[in-house]
Amino acid sequence: PYTSRSCFMSLPDLSVVVSSDSGSSAVLGEDIEYNVYVTNNGADTTGTVLSIDLPATLQYAGNQAGQGSCQETLGQVSCNLGTVTASQMVQVSIQTVAWETGDAEVTATVEADDLDSNDADNADSETVVIYDSNDSSNRTGGNDTGSISSNASGGGSGGGGAMEII
């Protein structure tokens, strides 16, 4: 007689989350630490690589990896995490310095040798607005990012609705 058998193959399910210790804003020259968490909610996976893109507004100052090792080259941090087992979380901390005013968006992506069952959560980003403490037009106080966003945008050198005094 024929019997039906189910074949269930569990796949890895990596995800990444980025957070900063500075909240939504930081002062020019301030140290900012970004914490990146890679979690595997599926089966063990091998060849796990975490890539972190740092913007020009940040200067790289170092890293601490809970597993594996990281190298930085021209604002690109690459971490070889190796095998990430089922239900494991790996933390990588990136130390930076607020180098230029503007948006400091750090983006992290994770991938591995094995097929991921849900790659929609394999990337995340965190933005901190860097302002000059001597320029009161860049910050209204507290965590009010509405004023910061309107003044920080403008494509680089102009700075939104800033007024030039001659």
| field | Sequence neighbours excluded - disulfide (SG to SG under 2.5 Å) pairs with any residue from residues 86-117 | value | none

| note | Residue set satisfying side-chain hydrogen bond (donor to acceptor under 3.5 Å, both in side chains) with Q95, at least two apart, ordered chain then number -> E33

| message | Given 3.5 Å as the limit, does a donor-acceptor pair link the side chain of N80 with the main chain of G82, or not? | response | no

| said: Main chain of I32, side chain of T96: is a donor-acceptor contact present, judged purely on distance under 3.5 Å? | reply: yes

| Out of curiosity, N41 CG to D121 CG, how far, rounded to the nearest 0.5 Å? | 7.5 Å

| request: With sequence neighbours left out, write down each residue that passes side-chain hydrogen bond (donor to acceptor under 3.5 Å, both in side chains) with E105, or none if nothing qualifies. | output: S125

| task | Would you name the heavy atoms of A104 and P55 that are closest together and state the gap between them? | result | CA-CG, 3.7 Å

| Quick one: CG on N122 to OG on S51, what's the gap to the nearest 0.5 Å? | 11.5 Å

| task | Compare all side-chain heavy atoms of L54 with those of V106 and state whether any distance is below 4.5 angstrom. | result | yes

Would you be so kind as to tabulate the donor-acceptor pairs closer than 3.5 Å made by side chains of residues 69-79, with sequence neighbours excluded?
| residue | atom | partner | partner atom | Å |
| --- | --- | --- | --- | --- |
| E72 | OE2 | L74 | N | 3.4 |
| E72 | OE2 | G75 | N | 2.8 |
| Q76 | NE2 | D53 | OD1 | 3.1 |

| request: List for me each residue that meets side-chain contact (heavy atoms from CB on, under 4.5 Å) alongside Q88, sequence neighbours excluded, and say none if there are none. | output: Q67, V84, T85, V90

| message | Contact between V92 and L81 at the side-chain level, heavy atoms closer than 4.5 Å - yes or no? | response | yes

| message | Taking the side chain as everything from C-beta on, heavy atoms only, tell me whether V97 gets closer than 4.5 Å to L58. | response | no

| task | For V27, enumerate each residue passing the side-chain contact (heavy atoms from CB on, under 4.5 Å) test, keeping only those at least two apart in sequence or located in another chain. | result | E30, Y131, S133

| message | Closer than 3.5 angstrom, by distance alone: can the side chain of S117 be matched with the main-chain N or O of P12 as a donor-acceptor pair? | response | yes

| remark: Interatomic distance, OG1@T101 vs CD1@I130, rounded to 0.5 Å, equals 8.0 Å

| note | On a heavy-atom basis, the closest approach of A65 and G68 is CB-O, 4.0 Å

| Who pairs with A108 by side-chain contact (heavy atoms from CB on, under 4.5 Å), at least two apart in sequence or on another chain? | V16, V18, V36, L50, I52

| Polar side-chain atom of N35 near backbone of S19 as donor-acceptor pair, under 3.5 Å | no

| Straight-line distance of T107 OG1 to Y34 OH, nearest 0.5 Å | 10.0 Å

| message | Check whether N63 reaches the backbone of S93 with its side chain - one donor and one acceptor, N or O, closer than 3.5 Å. | response | no

| query | Hey, what else clusters with M89 if you join Ile, Leu, Val, Met, Phe, Trp, Tyr whenever side-chain heavy atoms sit under 4.5 Å? | reply | Y37

| query | In Å, rounded to the nearest 0.5 Å, how long is the span from CG of D116 to CG of N40? | reply | 8.0 Å

| Partner residues of T45 under the side-chain hydrogen bond (donor to acceptor under 3.5 Å, both in side chains) criterion, sequence neighbours left out | D114

| query | What are the two closest non-hydrogen atoms of A112 and T48, and how far apart are they? | reply | CB-OG1, 3.8 Å

| query | Are L28 and Y60 grouped together when hydrophobic residues (ILVMFWY) are joined by side-chain heavy atoms under 4.5 angstrom apart? | reply | yes

| remark: Nearest heavy-atom contact between S20 and V128 is OG-CG2, 3.4 Å

| request: For side-chain hydrogen bond (donor to acceptor under 3.5 Å, both in side chains), just list the numbers for T109 and E111, CA-CA rounded to whole Å, side-chain angles, deciding distance to a tenth of an Å, and then say yes or no. | output: CA-CA 7 Å; T109 56; E111 59 186 14; over 6 Å; no

| message | Using the side-chain hydrogen bond (donor to acceptor under 3.5 Å, both in side chains) criterion, which residues pair with D13? Sequence neighbours excluded. | response | none

